[in-house]
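Working notes for the structure below.
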Amino acid sequence: MIHLNIYSPVEEIKHPLFDGKQVKVFVKRDDLIHPFISGNKWRKLKYILLKAKAENKNHLVTFGGAFSNHLVATACAAAKFGFKSTGIVRGENVQNEVLLFCRLFGMELQFVDRIPYRNKEQLFKEKFSGDDQAFFINEGGAGPEGIKGCAELMDEFDDTYDHIICAAGTGTTAAGILNGIKKQGLNTQLHVIPVLKNAGFIENEITRNIAEPANLKLHLNYHFGGYAKTDPELFRFMQSFASATGILTDPVYTGKLFYALVDLITTNYFKPHSKMLTIHTGGLLGITGMKDKISPIVF
Ligand SMILES: *Cc1c(COP(=O)(O)O)cnc(C)c1O
């Protein structure tokens, strides 16, 4: 069976800033779902794996950069649920902690140049046409199954919130949450922090299947230069936030998310007495990809 007991409690984050601005901030700890099938990656994989099983496929093939949380999540989930796995990795052959874990979970890695990597369907056809067990999973777990899995997050609350805030790469997680908000007829406003530059396009990605995205707001200025781009201010923020709250963030997604949250609260974007929920989507292995940059800042 494809099933994980989900442990993702909601906790209030106590911080003098939040008290001073009279707002209440909660966090959905999706980072606690699993150490390797982390956060939204489990939610996105769930219905993909069910589909693979339903089609009697036993070999998962997926794609990612050398620090992809999705690759390691797929490697672990494949091992746990009885699949073989292959990861197609963008760029030259490298070694790092994320790929080490992929290999420990038995994933076979193939490195592909950036240009051919762009056409994933084509690559899959070329490499796996002879393997009728091979099952294509898009980069990041994007797609309708992923959206469906992420929407389930909205079924796990006893409480309602004025605002929900999450980070976005492909926007699949945000689309799921927005679907969940609609389905339940809530007035909750969804705030999305894209981690890429020029990410206005994500709005279409998120709203494609949703008639009236009135309660969606994108905040486009918290990307720190683009995907996986950082600066010392972000690292210092991650340290001060972790030391004040006990919650670790990563430099690619959740560091930017919580930075944005704190900045928006500081500049009085949210009304006093607002109740908000941030989604901690996990991905803490991302810290290992930047340890050489982070260390000089935080030591
Ligand atoms: C992959 C990932 C995201 C991005 O999710 P999308 O559904 O692609 O927008 C956000 N946070 C973390 C920690 C991730 O690993």
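The shown structure was predicted, so the numbers you read here are calculated from the model rather than taken from an experiment. Whatever order the structure lists ligands and atoms in, that order sets their numbers, starting from 1. For the single chain, residues carry numbers from 1 onward in sequence order.
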Quick one: does [X] get a heavy atom under 4.0 Å from ligand 1?
X	value
Gly282	yes
Gly171	yes
Lys44	yes
Gly140	no
Lys41	yes

Contacts under 3.5 angstrom, residues 283-293 side chains, donor-acceptor by atom type, not counting sequence neighbours:
{"residue": "Thr288", "atom": "OG1", "partner": "Leu285", "partner atom": "O", "Å": "2.6"}
{"residue": "Lys291", "atom": "NZ", "partner": "Glu97", "partner atom": "OE2", "Å": "2.8"}

In chain order, what residues pass the salt bridge (Lys or Arg N to Asp or Glu O under 4.0 Å) check against Asp31, with sequence neighbours excluded? Arg29
Minimum non-hydrogen distance to atom 5 (O) of ligand 1, winning option of Asn40, Val192, Asp30: Asn40
I want to know if ligand 1 touches [X] in the polar sense, i.e. an N/O pair below 3.5 angstrom.
X	result
Thr281	yes
Asp250	no
Gly283	no

Give a yes/no verdict on a cation-pi contact between Lys229 and Phe224, requiring under 6.0 Å between NZ or CZ and the six-membered ring centre and an angle within 45° of the axis.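 Not satisfied by the 6.0 Å and 45° rule.
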In the structure I gave you, are the side-chain heavy atoms of Tyr253 and Tyr227 within less than 4.5 Å of one another anywhere? yes
Arg43 with Glu156: basic N within carboxylate O range, under 4.0 Å: yes
Around atom CD of Gln122, are there more than 12 heavy atoms from other residues, nucleotides or ligands closer than 6.0 Å?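 Result for CD/Gln122: enclosed.
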Distance under 4.0 Å to a non-hydrogen atom of Asn69: what atoms of ligand 1 satisfy this? 14 (C), 15 (O)
Should you measure from each heavy atom of Thr173, which atoms of ligand 1 turn up under 4.0 Å away?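 Once the distances to Thr173 are compared, the set is 5 (O), 6 (P), 7 (O).
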Could you please spell out the steps behind the ring pair (Phe, Tyr, Trp, His ring centres under 6.0 Å) verdict for Phe136 and Phe63? CA-CA 9 Å; Phe136 176 91; Phe63 302 81; 5.5 Å; yes
How far is atom 8 (O) of ligand 1 from its nearest protein heavy atom, and which residue and atom is that?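 In this structure, atom 8 (O) of ligand 1 has Thr170 OG1, 2.6 Å as its nearest protein heavy atom.
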Residue and atom name of the nearest protein heavy atom (relative to atom 10 (C) of ligand 1), distance in Å to one decimal: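 The protein heavy atom lying closest is Tyr253 CD2, 3.3 Å.
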